[in-house]
Amino acid sequence: MFKYIGVNDRKIDLFEGQYIVPEGMAYNSYVILDEKVAVFDTVDKNFTEEWLGNLASALDGRKPDYLIIQHMEPDHSANICQFMNAYPEATLVSSAKSFTMMKNFFGEDFADRRMIVGENDTLSLGEHELMFITAPMVHWPEVIVTYDKKDKVLYSADAFGKFGALDAQEDWACEARRYYFGIVGKYGAQVQALLKKAAALDIRTICPLHGPVLSENLGYYLDLYNTWSSYGVESDGIMIAYTSVYGNTKKAVELLAEKLTEKGCPKVVTNDLARSDMAEVVEDAFRYGKIVFATTTYNSDIFPFMKEFINHLTERGFKNKTVAFIENGSWAPVAATVMKKMLDGSKNLTIAENNVKILSALNDENRIQIEALADELTK
Ligand code: FEO
């Protein structure tokens with residue numbers, strides 16, 4: 001079996017410069033000790049010494065023969081040169097595209113110390129035979145994942161990863177979903193392609209590059225990945241995303257949430273886009289099947305947080321949902337028209353017939369509109 005030599009990052013504030021990670025981040029790395037010794041991936045640049053120390057302990061006096069690089073993003077590739085200097089007899093194993101990226105990142109592509117691998121190529125370590133599987137755009141184009149035929153382990157690169165250090169006590173799905181939709185969400189078709197390849201393998205353990213090793217109840221994780229990457233509905237419920245300048249749009253949202261609950265909606269989630277973690281709201285939009293967008297007209301357009309939110313959705317291939325709109329505008333309301341236009345290219349959206357148009361503050365007509373929308377969404 002493998003040995004774990006990864007590190008926990010409890011200092012990072014924003015992963016990839018944009019995702020808050022209150023429970024830190026894990027950069028995973030693994031070693032297989034067989035007749036030959038293979039190391040999977042390196043870690044972030046701030047953990048060179050710790051990682052090389054973990055590696056030396058795991059090696060117990062032996063020397064690595066191979067460093068397998070599955071993904072060139074710097075959270076995993078930053079220590080390639082340090083490794084190659086520390087172990088001058090080791091061979092670097094990766095995809096052709098990775099070596100091009102290495103040249104661009106490090107000015108070096110290890111031309112005399114490398115092995116280029118592609119789809120279904122194998123590498124024998126002795127008892128362990130490794131098979132490489134290409135996984136383009138999960139999450140970059142050069143990605144490979146690796147299947148160990150002996151132990152039936154899939155080394156899955158970023159796939160099946162999550163935010164959070166390994167000592168974080170938290171639900172896997174919550175932070176894996178936020179990670180998935182934030183980082184890989186645009187590439188559902190490519191994740192589906194990888195899942196199809198994985199379905200042909202007998203997998204007992206998944207070793208991702210972030211988050212825990214998964215070894216029990218793998219069907220649960222595979223099912224979630226299938227739902228997410230096919231833009232399916234994971235949870236029964238309705239999500240309302242809103243912005244409110246003076247509290248009037250918020251009142252409409254609160255009334256709608258109350259009516260939806262009264263009418264039997266099993267779960268109503270409301271998110272104030274100005275005060276929520278955007279990545280959390282984005283994952284909710286992909287999690288539920290019905291989304292209500294509520295915002296104000298602003299500069300003949302829509303309020304900035306809503307604009308940003310819808311852009312996050314459309315760039316990730318938002319589709320297969322029921323959507324409804326609440327707009328507010330004191331003199332020339334255009335918010336609903338703008339929001340609909342922004343979602344024009346999203347496939348398979350069902351647009352609710354009952355929309356809500358507020359002209360500053362809720363009035364009796366609006367209350368009737370909200371009641372009708374709640375009826376429509378719960379029928
Ligand atoms: Fe964990 Fe795409 O890097």
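In what follows, every heavy atom counts, from backbone to side chain, and hydrogens, waters and symmetry copies are set aside. Here the structure is a predicted model, which is why all the values come from computation and not from measurement.
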Value rounded to 0.5 Å, distance of [atom1] in [X] from [atom2] in [Y]:
| X | Y | atom1 | atom2 | result |
| --- | --- | --- | --- | --- |
| Leu92 | Cys81 | CG | SG | 9.0 Å |
| Ser156 | Asn28 | OG | CG | 9.0 Å |
| Ile370 | Leu255 | CD1 | CG | 4.5 Å |
| Glu16 | Ile183 | CD | CD1 | 4.0 Å |

Can you tell me which residue pairs pass the ring pair (Phe, Tyr, Trp, His ring centres under 6.0 Å) test with a partner in residues 312-366, sequence neighbours excluded? Phe286-Phe318, Phe293-Phe325

Pair [X] + [Y]: basic N to acidic O under 4.0 Å:
| X | Y | answer |
| --- | --- | --- |
| Lys263 | Asp375 | yes |
| Arg10 | Glu23 | yes |
| Asp272 | Lys250 | no |
| Lys259 | Glu371 | yes |
| Arg178 | Glu175 | yes |
| Asp364 | Arg367 | yes |

Do the side chains of Ile80 and Phe106 get nearer than 4.5 Å, heavy atoms only? yes

Cation over ring, Lys162 on Tyr179, under 6.0 Å and within 45°?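 No, Lys162 and Tyr179 do not form such a contact.
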
Looking only at heavy atoms, the pair that brings Ala159 and Pro208 closest together is O-CB, 3.4 Å

Fit a plane to each ring of His71 and His76, take the angle between them on a 0 to 90° scale, and name the class: parallel (under 30°), tilted (30 to 60°) or perpendicular (over 60°). tilted

Which residues pass the side-chain hydrogen bond (donor to acceptor under 3.5 Å, both in side chains) test with Arg204, sequence neighbours left out? Asp202

Would [X] and [Y] count as a close aromatic pair, with their ring centres under 6.0 Å?
| X | Y | answer |
| --- | --- | --- |
| Tyr87 | Phe83 | yes |
| Phe303 | Tyr298 | yes |
| Tyr27 | Trp51 | no |
| His210 | Phe15 | yes |
| Tyr30 | Phe40 | no |

